[in-house]
**Q** 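Sharing a structure, written as structure tokens. Questions coming.
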Amino acid sequence: MTEMITAGNEAGHGSTLMQQLHQSQKKHKRRTWLLVAPLLLFIGLSFVVPIASVLVKSVANPELRTAMPTVTAALSHWDGNAIPDDSTFQALVSDLRSARASGQISSVAKRLSYEDPSYRSLIMHTLRAAPDDITQPGATRTALTTALPLWRNIDTWRSVQRASRPFTALYLLAVFDRKVDIHTGAVTRLPDDKALYVNVLERTLLMAGVVTLLCLVLGYPLAYWLSKQPAGRANLLMIMVLLPFWTSLIVRTASWIVLLQSGGLINGGLIHLGIIDKPLELVFNRIGVYIAMTHILLPFIVLPLYAVMKGISPNYMRAAISLGAHPFVAFWRVYVPQTYAGVAAGGLLVFIMAIGYYITPALLGGPGDQMLSYFVAFFTNTTMNWGMAAALGSQLLVIVIMLYLVYIRVTRTQAEIAAR
């Protein structure tokens, strides 16, 4: 009996200890979440919210719904098979008058011009052709269709109906050189003389890929050499690698203009040495962009490579050589595979940064060397077309996410192979 009571007390004491352990773990988790909550809030406000805003702007279609609510409501029930009745024409004139009074008519004309450039002048001339008294039956429709033949075209009304919807695929289609045909409503490809953004995207990916490859070719031996140096010398050399970070990007880019121009130091030195007879064209073309971007982004691939190489034991190479392998074969088949993680991390970092470059191509490149970010800035600062700017930004965001997923898959595969 005494043994049973003792066992029961021990079981109760063990249960109490488990409860205390669970409570302690809950307190620890709660304390951890409280510590990281400010960081999560900062990331949400400064990163997640702006990205969500960009994604929404790329499909948002608020111009006509805000400035022309009556026409928007009327066209929501229109079947699209015939020209709308006179009440819709009256609503059109009434909304345009209200939009002119509130200063929104220019945004309406601008939005409809994205559907067809001729619609801008159509909107601007509609109020001039409208009768003073729009309440007379049939007067408004007759006056507008007589003075402005586009209002007799059913495709015009279909375009207005499309532009009055809450969301639109116009901008996302445009960044892939596609549009909705105003006659059939099908998605069609733009003519070659009007297609632009797919070529710009291909150019952006090509230039970013070339810069990444150049950084890898230059950065890999540099990182390898740094990893073989004594600790004191390696730290000093690493400070020299990081030294460009202490200089403004614009200053570094402008300095390359001074170095690469026809009368610059590089051309002057080559002519003085007799290597060339006339200056090389190294600036305001793609060569200058490649040189400057490689110089600026090189540290971003050296750092992860150096970190990985510093942790690789030299015994692997020694063992391979002692077993009869040629030093180059041992390096290529034993050492290099262990640096794949650094190559992938550094290459991904450089490529992601390169596809978003704006200042360097704008200052050192020509018209045919501008990347996607140039057009984002153009639509943001010049034409104020936030929809196109957001669509181009979303395009870059999707590319970055896809690259990140590929990186995760590659590193996971490498980890599985290493575990075997």
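Along the sequence shown, residues are numbered consecutively beginning with 1.
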**Q** Mind checking whether Met238 and Val241 have side chains closer than 4.5 Å, heavy atoms only?
**A**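 In contact.
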**Q** Are more than 12 heavy atoms, taken from residues, nucleotides or ligands other than Ile250, located less than 6.0 Å from that residue's CD1 atom?
**A**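 Check fails, neighbour count at 12 or below.
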**Q** What's the verdict on side-chain contact (heavy atoms from CB on, under 4.5 Å) for Val343 and Leu216, showing C-alpha distance, side-chain angles and the deciding distance?
**A** CA-CA 8 Å; Val343 171; Leu216 180 60; 4.0 Å; yes
**Q** Does Lys110 NZ have over 12 foreign heavy atoms under 6.0 Å away?
**A**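 Yes, the 6.0 Å shell around NZ holds more than 12 heavy atoms from other groups.
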**Q** Judged by atom type as modelled, is there a donor-acceptor pair below 3.5 Å linking the side chain of Thr382 to the main-chain atoms of Phe379?
**A**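 Side chain of Thr382 to backbone of Phe379, a donor-acceptor pair under 3.5 Å: no, none is there.
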**Q** Go through the steps to decide whether Tyr306 and Tyr224 satisfy the test side-chain contact (heavy atoms from CB on, under 4.5 Å), and finish with yes or no.
**A** CA-CA 7 Å; Tyr306 174 77; Tyr224 179 77; over 6 Å; no
**Q** For Phe167, which residues count as a ring-ring contact (aromatic ring centres under 6.0 Å, His included) partner, sequence neighbours excluded?
**A**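 ring-ring contact (aromatic ring centres under 6.0 Å, His included) check on Phe167 returns nothing, list empty.
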**Q** Between Gln338 and Val334, is there a donor-acceptor pair closer than 3.5 Å when you use the side chain of the first and the backbone of the second?
**A**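 Between the backbone of Val334 and the side chain of Gln338 there is a qualifying donor-acceptor contact (under 3.5 Å).
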**Q** Can you tell if the side chain of Arg141 reaches within under 4.5 Å of the side chain of Ile83, non-hydrogen atoms only?
**A**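 Counting from C-beta outward, Arg141 and Ile83 do come under 4.5 Å.
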**Q** Determine whether Asn61 and Arg162 satisfy the following criterion, side-chain hydrogen bond (donor to acceptor under 3.5 Å, both in side chains), listing intermediate values before the conclusion.
**A** CA-CA 9 Å; Asn61 200 29; Arg162 258 196 318 272; over 6 Å; no
**Q** Between atom CG of Leu201 and atom CE of Met371, what is the distance when rounded to the nearest 0.5 Å?
**A**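 Reported to 0.5 Å precision, the distance equals 10.0 Å.
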**Q** Contact between Met207 and Tyr357 at the side-chain level, heavy atoms closer than 4.5 Å - yes or no?
**A**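 The answer is no; the side chains never approach within 4.5 Å.
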**Q** For a side-chain contact (heavy atoms from CB on, under 4.5 Å) check, start with the C-alpha distance between Arg111 and Leu64, then their side-chain angles and the critical distance, and finish with the verdict.
**A** CA-CA 8 Å; Arg111 172 60 184 88; Leu64 266 67; 3.9 Å; yes
**Q** What pair of heavy atoms forms the shortest contact from Ala391 to Val175, and how long is it?
**A**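 Closest approach of Ala391 to Val175, heavy atoms only: CB-CG1, 3.6 Å.
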**Q** With a 4.5 Å heavy-atom cut-off, do Ser164 and Met68 have their side chains touching?
**A**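 No; the side chains remain at least 4.5 Å from each other.
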**Q** At their closest point, which heavy atom of Met124 faces which heavy atom of Ser106, and how far apart are they?
**A**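 Met124 and Ser106 have their closest heavy atoms at CE-CA, 4.1 Å.
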**Q** Could you label the plane-to-plane angle of the Tyr358 and Tyr374 rings as parallel, tilted or perpendicular, counting under 30° as parallel and over 60° as perpendicular?
**A**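 The rings of Tyr358 and Tyr374 sit tilted, inter-plane angle from 30° to 60°.
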**Q** Thr339 vs Tyr220, test: side-chain hydrogen bond (donor to acceptor under 3.5 Å, both in side chains). Steps then yes/no.
**A** CA-CA 10 Å; Thr339 64; Tyr220 196 97; 2.8 Å; yes
**Q** How about CH2 on Trp386, more than 12 heavy atoms from neighbouring residues, nucleotides or ligands closer than 6.0 Å, or not?
**A**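 Counting neighbours around CH2 of Trp386, 12 or fewer heavy atoms of other residues, nucleotides or ligands fall under 6.0 Å, so no.
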**Q** Taking atom types as modelled and ignoring hydrogens, do the side chains of Asp133 and Thr135 form a donor-acceptor contact shorter than 3.5 angstrom?
**A**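 Judged by distance alone, the side chains do pair up.
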**Q** Quick one: CG on Leu280 to CD1 on Ile287, what's the gap to the nearest 0.5 Å?
**A**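 One finds 8.0 Å between CG of Leu280 and CD1 of Ile287.
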**Q** Please tabulate, for the side chains in residues 37-51, all donor-acceptor contacts under 3.5 angstrom to protein atoms that are two or more places apart in sequence or on a different chain.
**A**
residue	atom	partner	partner atom	Å
Ser46	OG	Phe42	O	2.6

**Q** Report the relative orientation of the aromatic rings in Trp157 and Trp151; use parallel for angles under 30°, tilted for 30 to 60°, perpendicular for over 60°.
**A**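 The rings of Trp157 and Trp151 sit tilted, inter-plane angle from 30° to 60°.
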**Q** Got a second to check how far Thr156's OG1 is from Leu150's CG, nearest 0.5 Å?
**A**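 Interatomic distance, Thr156 OG1 to Leu150 CG, rounded to 0.5 Å: 4.5 Å.
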**Q** Are the side chain of Arg203 and the backbone N or O of Gly368 linked by a donor-acceptor pair below 3.5 Å?
**A**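 Yes.
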**Q** Does the side chain of Met240 come within less than 4.5 Å of Leu237's, by heavy atoms?
**A**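 The answer is yes, as the side chains (C-beta and beyond) meet within the 4.5 Å cut-off.
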**Q** Looking at Arg158 and Gly80, what are the two nearest heavy atoms and their distance?
**A**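 For Arg158 and Gly80, the tightest heavy-atom pair comes out as NH2-O, 3.1 Å.
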**Q** Over all heavy atoms of both residues, which pair between Ala319 and Ser322 is shortest? Give the atoms and the distance, please.
**A**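 Minimum heavy-atom separation between Ala319 and Ser322: O-OG, 2.7 Å.
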**Q** Would one find more than 12 heavy atoms of other residues, nucleotides or ligands at under 6.0 Å from atom CZ of Arg333?
**A**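 Counting neighbours around CZ of Arg333, 12 or fewer heavy atoms of other residues, nucleotides or ligands fall under 6.0 Å, so no.
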**Q** Could you report the tightest heavy-atom contact between Gln136 and Asp86, atom names first, then the distance?
**A**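 Heavy atoms only, the tightest pair is O-OD2, 3.9 Å.
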**Q** If every non-hydrogen atom of Ala174 is compared with every non-hydrogen atom of Met388, which pair is closest and at what distance?
**A**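 Residues Ala174 and Met388, closest heavy atoms: CB-SD, 3.7 Å.
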**Q** Which value, rounded to the nearest 0.5 Å, describes the distance between Thr204 atom OG1 and Leu396 atom CG?
**A**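 These two atoms lie 7.0 Å from each other.
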**Q** What I'd like to find out is whether the side chain of Phe176 reaches to under 4.5 Å of the side chain of Gln395, using heavy atoms alone.
**A**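 Yes, side chains in contact.
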**Q** Just wondering, do Ile401 and Leu397 contact through their side chains at under 4.5 Å, heavy atoms?
**A**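 Leu397 vs Ile401: side chains touch.
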**Q** Start with the C-alpha gap between Asp116 and Ser118, add the side-chain angles, then the distance that decides, and say whether side-chain hydrogen bond (donor to acceptor under 3.5 Å, both in side chains) holds.
**A** CA-CA 5 Å; Asp116 192 310; Ser118 62; 2.8 Å; yes
**Q** Less than 3.5 Å apart, any donor N or O on the side chain of Thr70 or Asp95 sitting next to an acceptor on the other?
**A**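 Result is yes, a qualifying pair exists.
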**Q** Is it the case that atom CD in Gln229 sees more than 12 heavy atoms from other parts of the structure closer than 6.0 Å?
**A**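 Atom CD in Gln229 is packed in, count exceeds 12.
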**Q** To the nearest 0.5 Å, what is the distance between NE2 (His272) and CG (Asn267)?
**A**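 Between atom NE2 of His272 and atom CG of Asn267 there are 14.5 Å.
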**Q** What's the verdict on side-chain contact (heavy atoms from CB on, under 4.5 Å) for Ile105 and Arg97, showing C-alpha distance, side-chain angles and the deciding distance?
**A** CA-CA 8 Å; Ile105 192 169; Arg97 287 174 176 172; over 6 Å; no
**Q** Decide if atom CG of Asp132 counts as having more than 12 heavy atoms of other residues, nucleotides or ligands within a radius under 6.0 Å.
**A**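 Not buried by this count: 12 neighbours or fewer within 6.0 Å.
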**Q** Hey, are the side chains of Leu392 and Tyr171 touching, using non-hydrogen atoms and a 4.5 Å cut-off?
**A**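 Contact flag for Leu392/Tyr171 side chains = no.
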**Q** Say whether Asp85 and Thr88, considering side chains only, have a donor N or O and an acceptor N or O under 3.5 Å apart.
**A**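 On atom types as modelled, these side chains qualify, holding a pair under 3.5 Å.
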**Q** Ignoring hydrogens and angles, write down the donor-acceptor pairs under 3.5 Å from the side chains of residues 289-302, residues two or more places apart or on other chains.
**A**
residue	atom	partner	partner atom	Å
Thr294	OG1	Tyr290	O	2.6
His295	ND1	Trp256	NE1	3.1

**Q** Nearest 0.5 Å, what's the NZ-CZ distance between Lys228 and Arg233?
**A**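 One gets 14.5 Å once the value is rounded to the nearest 0.5 Å.
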**Q** Keeping the roles fixed (side chain from Ser255, backbone from Arg252), state whether a donor-acceptor pair exists under 3.5 Å.
**A**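 Yes: the side chain of Ser255 pairs with the backbone of Arg252.
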**Q** Anything under 30° is parallel, anything over 60° is perpendicular, the rest tilted; go ahead and classify Phe328 against Phe331.
**A**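 Plane angle between 30° and 60°, so tilted.
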